[in-house]
**Q** 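The structure follows.
Just so you know, residue 1 is the first one in the sequence shown, and it goes up from there.
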Amino acid sequence: MQKTWYFPVADGAPHFADNGFTYFEEQAPEKAATIGYDLVAMKNVGIDGSRISGWMIRGTVVLKSPTAFASAANALQAQMG
């Protein structure tokens, strides 16, 4: 499954050097995990927006649903703290 995700950036300046890739690389796995998917790949990462409307890091993610065993293990781990 492919999705396009956007992450707002409060201060865009540090992210301009690599066109936002590092920031997207930090944020995407966390978001994927919170919705119960594994992140397989990222592509087409770039910066959208402006100083007036705010900067957004945009990119396409490729996700896969975890196996039933992995889902059960994650659920058990969450219950155990």
**Q** Which one of Ile57, Val9, Asp18 satisfies the side-chain contact (heavy atoms from CB on, under 4.5 Å) criterion with Ile47?
**A** Ile57
**Q** Whether the side chain of Tyr23 engages the backbone of Pro8 through a donor-acceptor N/O pair (distance < 3.5 Å, no angle test) should be reported.
**A** yes
**Q** Output the distance between atom CZ (Phe21) and atom NZ (Lys43), rounded to the nearest 0.5 Å.
**A**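 NZ of Lys43 is found 12.5 Å from CZ of Phe21.
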**Q** Say whether Ile35 and Phe7 are linked into one hydrophobic cluster, either directly or through other cluster members, by side-chain heavy-atom distances under 4.5 angstrom.
**A**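 Yes, Ile35 and Phe7 fall within the same hydrophobic cluster.
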**Q** Could you check Met1, Gln2, Lys3, Lys31 and say which one makes a side-chain contact (heavy atoms from CB on, under 4.5 Å) with Val61?
**A**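 Single pass found, and it is Lys3.
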**Q** CZ of Phe24 to CD of Gln27: how many Å apart, nearest 0.5 Å?
**A** 9.5 Å
**Q** Rounded to the nearest 0.5 Å, how far apart are CZ of Arg58 and CG of Asn44?
**A** 7.0 Å
**Q** Please tell me whether Leu39 and Tyr37 are part of a single hydrophobic cluster in this structure, the criterion being side-chain heavy atoms less than 4.5 Å apart.
**A**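 Yes, it is one cluster - the side chains of Leu39 and Tyr37 are joined through contacts under 4.5 Å.
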**Q** Where do Ala32 and Leu63 come nearest, in terms of heavy atoms and distance?
**A** CB-CD2, 3.9 Å
